Amino acid sequence: MKIGTGKSYAKIILIGEHAVVYGEPAIALPVKSIRLLAKVEPIPDGRQEVTSAFFTGDLNAGQLTNFAGIAMLIRRLLVFFNAADQGFHLTITSALPSERGMGSSAATAVAVVRAFYDAFQTSLSHSVLLNWAGISEKALHGNPSGLDAATASAEKPQWFVRGKSLRSIMMPRNGVLLIADTGIAGQTKIAVDQVAQKLKKDPKTYQPLITDIGDAVRQAALALAQDDIITLGQLLNRDQADLAALGVSSPELDRLINVALDNGAYGAKLTGSGMGGCMIALAAADQAPTIIQALKAANAVKVWEYHFETK
Ligand code: MEV
């Protein structure tokens, strides 16, 4: 084993979360300015240590924390490399806020898998990477679509359908996406479980919402192809209405969404699993400063400005 490194990005789901779990498409972007780095270094005794913002300590102690999924992933990687007792120090440095719908857990998994493959000097295909990331994502919320890991490991915006191969998708040539953090932890497992329960108990009410999200995503792809950000904004609003009806929005998300719309955004919605976490707003570039100011005045703990990459 040598020193190994791996990186990944924050992900933002533009449209299609939750319905993507049930086979509908979704569109998501890697935010390359917000990255996560993993560095694994061999150490001579058998200690297996982790340093990160969300867990620091012995790998075994990680089993009892929200690091459990990643701890399990690391142990399986070590078995795979025939190095179960290998001593190491893993350092995870992240600019992603955790539990805010920006894919922190998937980004951690992606960077950690890349770092261990690098350390064991083994080439890694994208599909194998996503299979590994699925292990910790499954531990986290039971039924991951794979969208988060696919986007955290991508270089370009993605059109994603569960179980199908990924496709890059063009972003608009104008407009910006503002991302605002409510400061409240999102609750991926609870949100995904809640949608599953609702679909099981009352499919007549809830299945049409899933289908409508899928339709909105397909229309969003068309709007993107036509560089029509006004229609795209309307589709984000329609998606948000469906997500709210599914019960995964929150008063804090609703408040920031309304602030963005009141200040001239074309559309705004939660991003990720919801019930907290971040919202996004699509806006004309010259309107962005006003909206950013309004979001901050409305207590968004952080606001990022994302400029679409068109290449
Ligand atoms: C979470 O970022 C996205 C969800 O659609 C869950 C998933 O796709 O696994 C809510």
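It should be emphasised that the depicted structure is a prediction, and the values quoted were computed from it without experimental measurement. When a ligand or atom number is given, it counts from 1 through the structure's own listing order.
- Aromatic rings of F88 and F116 (six-membered ring for Trp) have centroids within the 6.0 Å cut-off, being under it.
- Between S136 and M72 there is no side-chain heavy-atom pair separated by less than 4.5 Å.
- Under the 4.5 Å side-chain heavy-atom criterion for Ile, Leu, Val, Met, Phe, Trp and Tyr, L96 and L140 are members of distinct hydrophobic clusters.
- In this structure, the side chain to side chain contact (heavy atoms under 4.5 Å, CB included) partners of V259, at least two apart in sequence or on a different chain, are N263, A294, L295, A298.
- Heavy-atom contacts from other residues, nucleotides or ligands closer than 6.0 Å to NZ of K201 number 12 or fewer.
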Practice item. Starting from the C-alpha separation in whole Å, work towards a yes-or-no answer on side chain to side chain donor-acceptor pair (under 3.5 Å) for H126 and S153. Key: CA-CA 8 Å; H126 197 229; S153 60; 2.8 Å; yes
Are there any N/O pairs under 3.5 Å between ligand 1 and the protein, and if so, what are their distances?
{"residue": "ligand 1", "atom": "2 (O)", "partner": "K11", "partner atom": "NZ", "Å": "2.9"}
{"residue": "ligand 1", "atom": "2 (O)", "partner": "D148", "partner atom": "OD1", "Å": "2.9"}
{"residue": "ligand 1", "atom": "2 (O)", "partner": "D148", "partner atom": "OD2", "Å": "2.9"}
{"residue": "ligand 1", "atom": "5 (O)", "partner": "H18", "partner atom": "N", "Å": "2.9"}
{"residue": "ligand 1", "atom": "8 (O)", "partner": "S145", "partner atom": "OG", "Å": "2.5"}
{"residue": "ligand 1", "atom": "9 (O)", "partner": "H141", "partner atom": "NE2", "Å": "3.3"}
{"residue": "ligand 1", "atom": "9 (O)", "partner": "S145", "partner atom": "N", "Å": "2.8"}
{"residue": "ligand 1", "atom": "9 (O)", "partner": "S145", "partner atom": "OG", "Å": "3.4"}

